[in-house]
Colleague: 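Below: one structure in structure tokens.
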Amino acid sequence: MATWNDYNDARQDPNLIPKGTIAKVRLTIRPGGFDDASQGWHGGFATRSTTGAVYLNCEFTLLEGQYAKRKVFSMIGLYSPKGPDWANMGRSLIRGMLNSARGISDKDVSPNAQAARRITSFADLDGIEFVAKIDIAPDSNGEDKNEIRTALTPDHRDYAQIMGRVALPGLPAQAPATAPAGIVPPAAHPGAFPAAPPPQAAGADPRPNWAR
């Protein structure tokens, strides 16, 4: 039983989403107005800091479950004058986001999969929905905050349950009846799982628009 003078068992920060929570999120890029034609950055989506670092200023909105409508603010690194590590982490996260949003296994190296991992501009990422793993890390002031560093792809056992899609061949056909701890399941309502696509007309290209 909680007592008025002992706070050891109080929650550390009720404003933080627990570390390791998995949820479907939507990305909104907050434009910073920075472009660099030599890098192919246009549309004003990137932000440049006073130190010269360039990043995407991201707002991730949780779409379903216990933390629906909560937002996580995080950066995706594009360039750092200190070296390539930050940009490489950013590229890795974007790869995972595209795999997650477009239902592509990270191991898939087919032409269609490679096409699915290409974008024409950062506008293609604005509004993308994928499965994210929520993390906690210190901000510039040393205060804990939520951030997103990882996107779950169809290779992950919980992907199909969260994204509401059929798993790829070789993966579990159905999600477990009870969600593991930290998992935010999709809302239980009609239409939560997408209907099968209509049959293709004879001679039609079966690939989605982004893969053509």
Colleague: How long is the straight-line distance from CZ of F60 back to CD1 of I76, given to the nearest 0.5 Å?
Modeller: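 Interatomic distance, I76 CD1 to F60 CZ, rounded to 0.5 Å: 4.5 Å.
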Colleague: Considering only heavy atoms from C-beta outward, does the side chain of L152 approach that of I162 to under 4.5 Å?
Modeller: no
Colleague: The criterion is salt bridge (Lys or Arg N to Asp or Glu O under 4.0 Å); which residues satisfy it with K145, sequence neighbours excluded?
Modeller: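 For K145 the salt bridge (Lys or Arg N to Asp or Glu O under 4.0 Å) partners, ignoring immediate neighbours, are E147.
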Colleague: Kindly indicate, with the supporting measurements, whether the criterion side-chain contact (heavy atoms from CB on, under 4.5 Å) is fulfilled by I29 and N57.
Modeller: CA-CA 6 Å; I29 300 175; N57 190 7; 5.9 Å; no
Colleague: Which heavy atom in R118 sits nearest to a heavy atom in R102, and how many Å separate them?
Modeller: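 Smallest interatomic distance, heavy atoms only, reads O-NH1, 3.6 Å.
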Colleague: Search all heavy atoms of A53 against all heavy atoms of W86 and return the closest pair with its distance.
Modeller: CB-CZ3, 3.7 Å
Colleague: Measure the spacing between CG of N99 and NZ of K107 and express it to the nearest 0.5 Å.
Modeller: 10.5 Å
Colleague: To the nearest 0.5 Å, tell me how far S105 OG sits from D155 CG.
Modeller: 3.5 Å
Colleague: Might you work through the salt bridge (Lys or Arg N to Asp or Glu O under 4.0 Å) test for D36 and R48, ending with a clear yes or no?
Modeller: CA-CA 10 Å; D36 186 340; R48 188 175 188 270; over 6 Å; no
Colleague: Taking 4.0 angstrom as the limit, do K71 and E59 come out as a salt bridge?
Modeller: yes
Colleague: Check H42 against S121 and note the closest heavy-atom contact, atom names and distance.
Modeller: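 What the structure gives for the nearest pair is CE1-CB, 3.4 Å.
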Colleague: Between R30 and F45, is the side-chain contact (heavy atoms from CB on, under 4.5 Å) condition met? List the steps.
Modeller: CA-CA 7 Å; R30 307 168 82 182; F45 286 96; over 6 Å; no
Colleague: Under a 3.5 Å distance rule, please check whether N146 uses its side chain to pair with a backbone N or O of I17 as donor and acceptor.
Modeller: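 Flag set: sc N146 to bb I17 pair under 3.5 Å.
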Colleague: Do any N or O atoms from the side chain of S100 and from the backbone of T153 form a donor-acceptor pair under 3.5 angstrom?
Modeller: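 No, because the side chain of S100 does not come within donor-acceptor range (under 3.5 Å) of the backbone of T153.
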Colleague: What verdict does the side-chain contact (heavy atoms from CB on, under 4.5 Å) test give for I134 and K19, after you've listed the backbone C-alpha separation in whole Å, the side-chain angles of each residue and the deciding distance to 0.1 Å?
Modeller: CA-CA 6 Å; I134 312 299; K19 180 182 178 72; over 6 Å; no
Colleague: Indicate the ring-plane relationship of W41 and F122, choosing parallel, tilted or perpendicular according to the 30° and 60° boundaries.
Modeller: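 Because their plane-to-plane angle lies in the 30° to 60° range, the rings of W41 and F122 count as tilted.
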Colleague: Is the side chain of N88 donor-acceptor paired with the backbone N or O of P84 at a distance under 3.5 Å, no angle test?
Modeller: yes
Colleague: How far apart are the closest heavy atoms of A116 and I104, and which atoms are they?
Modeller: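 So the minimum-distance heavy-atom pair works out to CB-CG1, 3.9 Å.
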Colleague: Give, for atom CZ of F34 and atom OH of Y55, the distance between the pair rounded to the nearest 0.5 Å.
Modeller: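 If I round to the nearest 0.5 Å, the distance is 11.5 Å.
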Colleague: To the nearest 0.5 Å, tell me how far T21 OG1 sits from I136 CD1.
Modeller: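 That separation rounds to 8.0 Å.
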Colleague: With L56, which of L125, D126, T47 fulfils side chain to side chain contact (heavy atoms under 4.5 Å, CB included)?
Modeller: L125
Colleague: How far apart are the C-alpha atoms of L62 and K24, what are their side-chain angles, what is the distance that settles it, and do they pass the side-chain contact (heavy atoms from CB on, under 4.5 Å) test?
Modeller: CA-CA 6 Å; L62 279 70; K24 185 178 179 180; over 6 Å; no
Colleague: Just so I know, are the side chains of L93 and M89 near enough to count as touching, which here means a heavy-atom distance under 4.5 Å?
Modeller: no
Colleague: Judged by atom type as modelled, is there a donor-acceptor pair below 3.5 Å linking the side chain of R117 to the main-chain atoms of I94?
Modeller: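 Not confirmed, R117 side chain does not pair with I94 backbone.
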Colleague: Quick one: OG1 on T28 to CD1 on I128, what's the gap to the nearest 0.5 Å?
Modeller: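 Nearest 0.5 Å value for the OG1-CD1 distance: 11.5 Å.
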Colleague: So, do E143 and P138 sit near enough that their side-chain heavy atoms are less than 4.5 Å apart?
Modeller: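 In short, these two side chains do not touch, never coming nearer than 4.5 Å.
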Colleague: Is there a donor-acceptor pair closer than 3.5 Å between any side-chain N or O of D108 and the backbone N or O of S110?
Modeller: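 Present.
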